[in-house]
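Working notes, structure below.
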Amino acid sequence: MSEAAFELAGRLTRSGSPSPGPEARIIVAHVLGVEVPRLIAVDDVTAEQQRFIDELAERRMAGEPLQHLTGVAYFRHEELVVGPGVFIPRPETEVMVGWALQRLAERDTRRVVELCAGSGAISAALATELGGLELHAVEVDPEAFAYLERNLEGRGVDLVRGDMATALPELDGTVDLVIVNPPYVPEGLRPFLPSDVVEHDPALALFSGEDGLDAIKVVAAVAMRLLAPGGILATEHDDSHQPGVVETLRAAGLDQVEPHADLTGRPRFVTAVRP
Ligand SMILES: C[S@@+](CC[C@H](N)C(=O)[O-])C[C@H]1O[C@@H](n2cnc3c(N)ncnc32)[C@H](O)[C@@H]1O
């Protein structure tokens, strides 16, 4: 690694960063405009580049997410534009997308609605990884919607700005898959979230009532409205309330309700079928 990245990794270590080496390499590579593996060939940085590195280091040590410093987030095979005003896609969501891709691959028709689309990470991954999809992505927040438009431009996805509760009535009873990573953090957990999450991810993307199930109750009703008989719902949720999600989906009338874990083994998403 270049001297600049090595020195920055030391500073990030002393400030308590959990992954100082990778973060330092990403910041320095971003400033130099090179891919991380090319850093090995970098001998030195200019004074101007060092000033920019120092500025980004200060912002990182003050708690700003790395993805806001570089303006990009990675999700499965996607590189997405992110920044203030949109939720940063998380690796735990990747498992649910993998599950959905397998189920969709088995179907002849592939009409998909993503609710709560944010940056568009889920829709982008589905569009890249499987052919023959008809994709619709719904997002209510205007700031997040601007990122959605940018990330899905030219991908052939129908983008809908509005509340999922009433979105896409023209598709009622015809959809093969509803997939969603909704806001789901219980309000009571707010004081326990890391500051880089609470202060930099939009509150509308995170919190959803006392038990974190408010949005998931809407998701269940919308899935019952949109899905064709035999159509599938996949919804992510907080690791603290999987039994509540299972109960909510059953109470809404969904069938074959199954809990799933993420890659760390934590309860993370539930799938169900419309009878
Ligand atoms: C946890 S983020 C998920 C974003 C993206 N799908 C991802 O996985 O990175 C939840 C998103 O739902 C949006 N949202 C919240 N309530 C909504 C509603 N009633 N209708 C549509 N979108 C909503 C938020 O603005 C936010 O972008």
Side-chain angles (χ1 to χ4, degrees), residues 65 67-68 72-101 112-128 135-152 155 157-169 171 177-187 189-190 193-194 196-198 200-209 212-223 225-226 233-241 245 262-263 268-270:
Q67 294 88 340
H68 283 192
V72 294
Y74 297 94
F75 182 84
R76 292 184 69 93
H77 303 286
E78 309 305 315
E79 183 177 305
L80 300 141
V81 178
V82 294
V86 73
F87 181 82
I88 298 170
R90 304 295 209 274
E92 50 264 35
T93 308
E94 293 178 338
V95 183
M96 177 173 72
V97 172
W99 181 94
L101 283 164
V112 177
V113 174
E114 184 196 357
L115 304 171
C116 301
S119 68
I122 294 175
S123 289
L126 293 174
T128 296
L135 265 166
H136 307 261
V138 180
E139 170 58 52
V140 75
D141 178 34
E143 276 192 83
F145 193 81
Y147 287 95
L148 183 67
E149 287 184 303
R150 197 159 162 199
N151 285 319
L152 295 182
R155 307 290 295 263
V157 181
D158 168 37
L159 305 182
V160 180
R161 191 178 136 197
D163 190 330
M164 63 174 158
T166 50
L168 295 165
L171 301 187
L177 171 75
V178 169
I179 186 163
V180 54
N181 175 17
Y184 57 62
V185 180
E187 274 293 344
L189 295 183
R190 193 187 280 260
L193 291 189
D196 60 348
V197 174
V198 180
H200 297 281
D201 277 316
L204 184 61
L206 296 175
F207 301 104
S208 198
L213 292 173
D214 284 8
I216 290 175
K217 287 177 187 153
V218 177
V219 164
V222 174
R225 170 171 70 78
L226 287 175
L233 167 67
T235 180
E236 191 169 316
H237 60 76
D238 193 70
D239 56 2
S240 67
H241 62 199
V245 178
D262 62 24
L263 282 177
R268 183 59 64 200
F269 68 102
V270 174

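All of these numbers come straight from a predicted model, not from anything done at the bench. Both ligands and their constituent atoms are indexed starting at 1 by order of listing.
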Practice task
With the side chain counted from C-beta on, respond yes when L159 and S123 share a heavy-atom pair under 4.5 Å apart, and no when they do not.
Solution key: no

Atom pairs, nitrogen or oxygen, ligand 1 to protein, under 3.5 angstrom:
| unit_1 | atom_1 | unit_2 | atom_2 | d |
| --- | --- | --- | --- | --- |
| ligand 1 | 6 (N) | E114 | OE2 | 3.1 |
| ligand 1 | 6 (N) | C116 | O | 2.9 |
| ligand 1 | 6 (N) | A117 | O | 3.4 |
| ligand 1 | 8 (O) | N181 | ND2 | 2.9 |
| ligand 1 | 19 (N) | D163 | OD1 | 3.0 |
| ligand 1 | 20 (N) | M164 | N | 2.9 |
| ligand 1 | 22 (N) | V140 | N | 3.4 |
| ligand 1 | 25 (O) | E139 | OE2 | 2.6 |
| ligand 1 | 27 (O) | E139 | OE1 | 2.7 |
| ligand 1 | 27 (O) | E139 | OE2 | 3.4 |

Exercise for the section: Please name the residue in the list V157, V178, L126 that meets the side-chain contact (heavy atoms from CB on, under 4.5 Å) test with V112. Expected result: L126

Exercise for the section: Give the intermediate values and the outcome of side-chain contact (heavy atoms from CB on, under 4.5 Å) for residues V113 and V222. Expected result: CA-CA 10 Å; V113 174; V222 174; over 6 Å; no

Practice task
Please collect all salt bridge (charged side-chain N to carboxylate O under 4.0 Å, His left out) contacts where either partner lies in residues 139-150, sequence neighbours excluded, each pair once.
Solution key: none

Problem - Test item: D238 side-chain N/O and V185 main-chain N/O as donor-acceptor pair under 3.5 Å - result: no

Practice task
Using a strict 4.0 Å threshold on nitrogen-to-oxygen distance, state whether R90 and D262 make a salt bridge.
Solution key: no

